[in-house]
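In what follows, chains are A, B, ... by sequence order, proteins preceding strands, each numbered from 1.
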Protein chains: 2
Amino acid sequence: MRTQKTYRQGQILKLVTNERVTSQDELRRRLRQLNLRVTQATLSRDLRELKLVKTAEGYKPLSAVPEETTSLPPLARAVREFLLDLRPAQNLLVLKTPPGGAQPLAAAIDGERWKEVAGTIAGDDTVLVIAPHRRARAEIQRRLEDLIR
Amino acid sequence: MRTQKTYRQGQILKLVTNERVTSQDELRRRLRQLNLRVTQATLSRDLRELKLVKTAEGYKPLSAVPEETTSLPPLARAVREFLLDLRPAQNLLVLKTPPGGAQPLAAAIDGERWKEVAGTIAGDDTVLVIAPHRRARAEIQRRLEDLIR
DNA sequence: TTCCTTTTCGCATAAATATGCAACTCACTG
DNA sequence: CAGTGAGTTGCATATTTATGCGAAAAGGAA
């Protein structure tokens, strides 16, 4: 039966997109209800072939996700690429980057034209972000930290 | 040190997008070279927070991959949604679907206007695809099977 | 058919990942 | 300050996933 595998993988796709399946063993049990009996080992192989990945919310397709980097807004990209450390100091925020990363990161922040940012000063591996007051600094910090994830 | 975690996750992002990291333990060793010492357990938590998933090619971001379904060409979507089984018979191809799935699947195939397809007939849960000859049938079969993955 | 090659799959187990729990650190509060 | 609560981490271990290998099945060729 050549179509056995194809059929099974079709079912897997269907199951996985419709409900939350969080382990291969759970998937195995669901398939058994459809009268498909296979081992976890086979499912491990199937999932790889189908490019389904395990997430906190169950298995999901990963068809097209090569370079998310190229599709991100500039600041998000810069933060992901350069921001190594971030520390608050009153109304200031000190950002650390790898050598040479400060200028591009500062430029990206400037580019956002956030009203909370009074200005930035970039050295080689450090950016100083100046906010009018602590409250503003906290907000900037929050936004940057959100971008990291 | 509140920024410890943030810093580490920044490094993880950087590492993972630049090189191929295939296990948490490997990631742990790479981080150690940067003088970041944490256990695999912590990395497991970090990866989840960063929404990085394990793929055959290493860890990858899963930020934007909610509904691939909506962005797929119609046939690919229909195949994924409805095609349960596929069996060749000379110059014919018999496709099985869940009840009611045959019409939409057949419509999607028709929509492709493949020259190898002489025509289709759709019942309730079965589609018959008619090809001019075996060779053409094989080609259609191949394309459909490719779409499954 | 019969023989050969390729693919699929289970078994057993290795490898990798997730998590309950307790320790520790901060930031605050009374 | 002591006390409280939230957040972070390591440890130990449970749970989950991957894989080497051999058996069986499928697909072709002659």
Side-chain angles (χ1 to χ4, degrees), chain A residues 1-12 16 20-32 35-60 62 85-90 134-135 137-138 141-142 145-146 148-149, chain B residues 1-12 16 20-32 35-60 62 85-90 93 134-135 137-139 141-142 145-146 148-149:
Chain A
M1 202 180 289
R2 201 268 171 249
T3 52
Q4 166 64 26
K5 183 183 175 186
T6 300
Y7 174 74
R8 184 184 61 244
Q9 294 192 344
Q11 293 298 325
I12 291 174
V16 157
R20 176 183 172 127
V21 183
T22 57
S23 83
Q24 297 178 5
D25 219 57
E26 182 183 340
L27 179 56
R28 187 180 58 72
R29 289 192 294 274
R30 297 292 283 102
L31 287 174
R32 191 157 50 74
N35 229 282
L36 277 173
R37 286 145 201 277
V38 286
T39 60
Q40 170 269 323
T42 295
L43 295 182
S44 173
R45 296 172 183 125
D46 282 345
L47 290 173
R48 172 159 62 202
E49 290 176 20
L50 293 170
K51 291 197 200 305
L52 291 174
V53 299
K54 189 184 185 183
T55 75
E57 298 79 34
Y59 286 92
K60 291 222 156 98
L62 181 80
D85 190 12
L86 165 163
R87 66 184 56 176
Q90 301 289 351
R134 288 182 64 131
R135 180 111 199 84
R137 191 243 39 212
Q141 182 175 353
R142 196 186 60 69
E145 285 177 341
D146 277 349
I148 290 174
R149 299 186 255 166
Chain B
M1 200 181 290
R2 203 274 171 236
T3 53
Q4 166 65 24
K5 183 182 175 186
T6 300
Y7 174 74
R8 184 184 61 245
Q9 294 192 344
Q11 292 299 325
I12 291 174
V16 158
R20 176 187 172 124
V21 183
T22 58
S23 82
Q24 296 178 7
D25 218 59
E26 182 182 339
L27 178 57
R28 187 180 58 74
R29 289 192 295 274
R30 298 291 284 102
L31 287 173
R32 190 158 49 76
N35 230 284
L36 278 173
R37 290 148 199 274
V38 287
T39 60
Q40 170 268 323
T42 296
L43 296 182
S44 172
R45 296 172 183 125
D46 282 345
L47 290 173
R48 172 160 59 201
E49 288 176 19
L50 294 170
K51 290 197 202 305
L52 291 174
V53 298
K54 189 183 184 184
T55 74
E57 298 80 36
Y59 286 91
K60 294 223 153 107
L62 181 77
D85 188 13
L86 166 163
R87 65 184 55 176
Q90 301 290 351
L93 208 48
R134 289 183 63 131
R135 180 115 200 81
R137 189 269 307 156
E139 171 62 13
Q141 181 176 353
R142 196 186 61 69
E145 286 177 341
D146 277 350
I148 291 175
R149 300 185 255 165

Go through the steps to decide whether B/K51 and A/T55 satisfy the test side-chain contact (heavy atoms from CB on, under 4.5 Å), and finish with yes or no. CA-CA 8 Å; B/K51 290 197 202 305; A/T55 75; over 6 Å; no
Yes or no on side-chain hydrogen bond (donor to acceptor under 3.5 Å, both in side chains) for A/S44 and A/Q40, after CA distance, side-chain angles and deciding distance? CA-CA 6 Å; A/S44 173; A/Q40 170 269 323; 4.6 Å; no
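Side-chain N/O atoms of A/R8 include none lying less than 4.0 angstrom from OP1 or OP2 on C/dT8.
By the side-chain contact (heavy atoms from CB on, under 4.5 Å) test, A/R142 pairs with A/E139, A/D146, sequence neighbours left out. In this structure A/R32 satisfies the side-chain contact (heavy atoms from CB on, under 4.5 Å) test together with A/R28, A/R29, A/R37, sequence neighbours excluded. In this structure, the side-chain contact (heavy atoms from CB on, under 4.5 Å) partners of A/R134, at least two apart in sequence or on a different chain, are A/Q90. Partners of A/R137 by side-chain contact (heavy atoms from CB on, under 4.5 Å), not counting sequence neighbours, listed by chain and number: A/P88, A/L93, A/A131, A/Q141.
Taking the screw axis at each terminus of the helix from C/dT1-D/dA30 to C/dG30-D/dC1 from five consecutive base pairs, the angle between the two is 30° to within rounding of 10 degrees.
Put simply, CG on B/D46 is 13 Å from C1' on D/dG7, counting in whole angstrom units. When the C1' atom of D/dC11 is taken as reference, atom CZ of B/R28 falls 13 Å away, rounded to whole Å.
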Counting primed atoms plus P, OP1 and OP2 as sugar-phosphate and everything else as base, spell out the protein contacts along nucleotides 12-19 of chain D at 4.0 Å heavy-atom distance: B, S or - for each nucleotide, 5' to 3'. ----SBBB
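Separation of atoms CD1 (B/I12) and CG (B/L52) is listed at 8.0 Å; rounding is to 0.5 Å. Rounding to the nearest 0.5 Å places CZ of B/R30 at 13.0 Å from CG of B/L43.
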